[in-house]
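Quick one: the structure is below, questions incoming.
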Amino acid sequence: MKASTLRGPSRALPTIALVCGILFSSQALNAQESAFSLNLAIDLSLSGAGLGALALPLLVPERVGVQTAPEALPVIDKPFLRPHHAGMDKFSSLMAYGLLLAPASILFFISPSWEDAGAYALMYGESFSLTWGIKDILKESIPRHRPYRYHDQLPAGEEEDYYHSFPSGHTSLAFMAASFLCASFIGEGIDYRISIPLSAGAYLAAGTVAALRVASGSHFPTDVMAGALLGSAVGWAIPLAHRRN
């Protein structure tokens, strides 16, 4: 995900997702059917943190940084100085965007009320905004040139994004979605014959996104590892914070 795009109209997307979740769940504080419930103090804090994370990159000075010498790269990254592959780049984007829809499948297994659906909408909005905002803060604060720059490549549309390699935004969001889905299945006690295959499939898809980001020359292995860690942490933490006592 391009950090630079957050300075344009698409910056509104995660904000809209979070605000819609808040509005949709305005009557959700008394939800009874789901294993998760909203808490006014927790959700005000998380929603505020999400909106703050989205806004903070606007205040961080843009830094292009200097391209690290190949011999100074981490050992794990050195073999992956790949040229840009547009096809794998686009396919990884489609996979990541598609995986963002996966957590909605939980609503098919819990016979949700409007209140339950609203609670999930807000929880997912918080997860999405925090993941997007934190990865963008890191991209702006830690400029790192992408692998394809070592081949003197600058693909069209990448003029303001080639130094935003760390962490991988695609990977962050993909693992957030997979983790949120898995945490929801476990919290709701969904039959393991359903939850295990679907959770494994979501993580497999997220791992494929990460692999394609490296194979396409868009990221180093350490970029996708950091993205996977960020997305997984948020995807698990938000549902855990909403578990009923």
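By convention here, the first residue in the shown sequence is residue 1. All values derive from a computational prediction rather than experimental measurement.
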Just how far is it from atom OG of Ser141 to atom CG of Asp136, taken to the nearest 0.5 Å?
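Here the interatomic distance stands at 9.5 Å.
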
Under the criterion side chain to side chain contact (heavy atoms under 4.5 Å, CB included), I'd like the reasoning laid out for Arg144 against Thr222: C-alpha separation, chi angles, the key distance, then a yes or no.
CA-CA 11 Å; Arg144 189 187 198 191; Thr222 49; 2.9 Å; yes

Going through the checks in order, is the side chain to side chain contact (heavy atoms under 4.5 Å, CB included) test met by Ile190 and Ile110?
CA-CA 8 Å; Ile190 303 301; Ile110 63 171; 4.1 Å; yes

State, yes or no, whether a side-chain contact exists between Leu81 and Leu73 at a heavy-atom distance under 4.5 Å.
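Contact flag for Leu81/Leu73 side chains = yes.
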
Using side-chain hydrogen bond (donor to acceptor under 3.5 Å, both in side chains) as the criterion, point out the one residue from Thr208, Asp89, Thr171 that pairs with Arg213.
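It is Asp89, the one option of Thr208, Asp89, Thr171 that forms the side-chain hydrogen bond (donor to acceptor under 3.5 Å, both in side chains) with Arg213.
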
With the threshold set at 4.0 Å, does a side-chain nitrogen-carboxylate oxygen contact exist between Arg146 and Asp161?
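Between Asp161 and Arg146 there is a salt bridge, with a charged N closer than 4.0 Å to a carboxylate O.
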
Less than 3.5 Å apart, any donor N or O on the side chain of Tyr162 or Gln67 sitting next to an acceptor on the other?
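No.
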
Are the side chains of Ser216 and Tyr148 in touch, meaning some heavy atoms are under 4.5 Å apart?
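Of all side-chain heavy-atom pairs linking Tyr148 with Ser216, none is under 4.5 Å.
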
For residues Pro143 and His164, determine if any side-chain heavy atom of one lies less than 4.5 Å from a side-chain heavy atom of the other.
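The answer is no; the side chains never approach within 4.5 Å.
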
Should Val224 and Met176 be regarded as members of a common hydrophobic cluster, given that ILVMFWY residues are connected when their side-chain heavy atoms come within less than 4.5 Å of each other, either directly or indirectly?
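As far as the 4.5 Å side-chain criterion goes, Met176 and Val224 are not connected within one cluster.
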
Counting heavy atoms not belonging to Lys78, are there more than 12 under 6.0 Å from its NZ?
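It does: Lys78 NZ has more than 12 such atoms within range.
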
Are the side chains of Phe185 and Ser105 in contact, using a 4.5 Å heavy-atom criterion?
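The answer is yes; the side chains approach within 4.5 Å.
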
Report whether Phe175 and Leu130 are members of the same hydrophobic cluster (ILVMFWY, side-chain heavy atoms less than 4.5 Å apart, transitive linking).
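Different clusters.
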
Hydrophobic cluster membership, Ile134 vs Met225, 4.5 Å side-chain cutoff:
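Each belongs to a different hydrophobic cluster.
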
Hey, does Pro57 have a side-chain heavy atom less than 4.5 Å from the side chain of Ile137?
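Yes; the side chains approach each other to less than 4.5 Å.
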
Regarding His242 and Asp43, is there a side-chain donor-to-acceptor distance under 3.5 Å anywhere?
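Result is yes, a qualifying pair exists.
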
Shared hydrophobic cluster for Ile42 and Ile238 (ILVMFWY, side-chain gaps under 4.5 Å)
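Hydrophobic grouping puts Ile42 with Ile238.
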
Gap separating the CZ atom of Arg149 from the OG1 atom of Thr68, nearest 0.5 angstrom
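Going from the CZ atom of Arg149 to the OG1 atom of Thr68 covers 13.0 Å.
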
Of all the heavy-atom pairs spanning Phe36 and Arg243, show the shortest one and how long it is.
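Taking Phe36 first and Arg243 second, the nearest heavy atoms are CE2-CD, 3.2 Å.
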
Supply the atom-to-atom distance Leu198 CG to Phe109 CZ, rounded to the nearest 0.5 angstrom.
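One gets 5.5 Å once the value is rounded to the nearest 0.5 Å.
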
Side-chain contact test, heavy atoms from C-beta onward, threshold under 4.5 Å: evaluate it for Val234 versus Lys135 and give yes or no.
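Of all side-chain heavy-atom pairs linking Lys135 with Val234, none is under 4.5 Å.
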
Closest heavy-atom contact between Ala183 and Gly235?
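Ala183 and Gly235 have their closest heavy atoms at CB-O, 4.1 Å.
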
Any non-hydrogen side-chain atom of Leu46 less than 4.5 Å from a side-chain atom of Leu122?
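A side-chain contact is absent here, since even the closest heavy-atom pair is not under 4.5 Å.
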
Check whether more than 12 heavy atoms from other residues, nucleotides or ligands sit under 6.0 Å from atom OH of Tyr150, and answer yes or no.
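More than 12 within 6.0 Å, yes.
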
Say you draw a straight line from OG of Ser199 to CD1 of Ile186; how long is it, rounded to the nearest 0.5 Å?
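Going from the OG atom of Ser199 to the CD1 atom of Ile186 covers 6.5 Å.
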
Where do Leu173 and Val209 land on the side chain to side chain contact (heavy atoms under 4.5 Å, CB included) test, with the steps shown first?
CA-CA 10 Å; Leu173 293 173; Val209 169; over 6 Å; no

Let me check something: do Met123 and Leu240 share a hydrophobic cluster, defined by ILVMFWY side-chain heavy atoms less than 4.5 Å apart, either directly or through other members?
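In one cluster: no.
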
For His145, the option from Phe220, Phe166, Tyr163 that meets side chain to side chain contact (heavy atoms under 4.5 Å, CB included):
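One option only clears the test, and that one is Tyr163.
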
Within this structure, what is the CD-OG distance for the pair Glu115 and Ser37, rounded to the nearest 0.5 Å?
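Those atoms lie 12.5 Å apart.
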
Show the nearest heavy-atom pair for residues Pro147 and His151, with the distance to one decimal.
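Looking at all heavy atoms of both residues, the shortest contact is O-CD2, 3.9 Å.
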
Within the structure provided, determine whether Tyr124 and Leu100 are in side-chain contact (heavy-atom separation under 4.5 Å).
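A side-chain contact under 4.5 Å exists here.
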
Reported CG-to-CE distance for the pair Leu212 and Met88, which is rounded to 0.5 angstrom:
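Reported to 0.5 Å precision, the distance equals 7.0 Å.
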
Phe180 vs Tyr120 aromatic rings, parallel, tilted or perpendicular, using cut-offs 30° and 60°?
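Perpendicular: the ring planes of Phe180 and Tyr120 meet at over 60°.
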
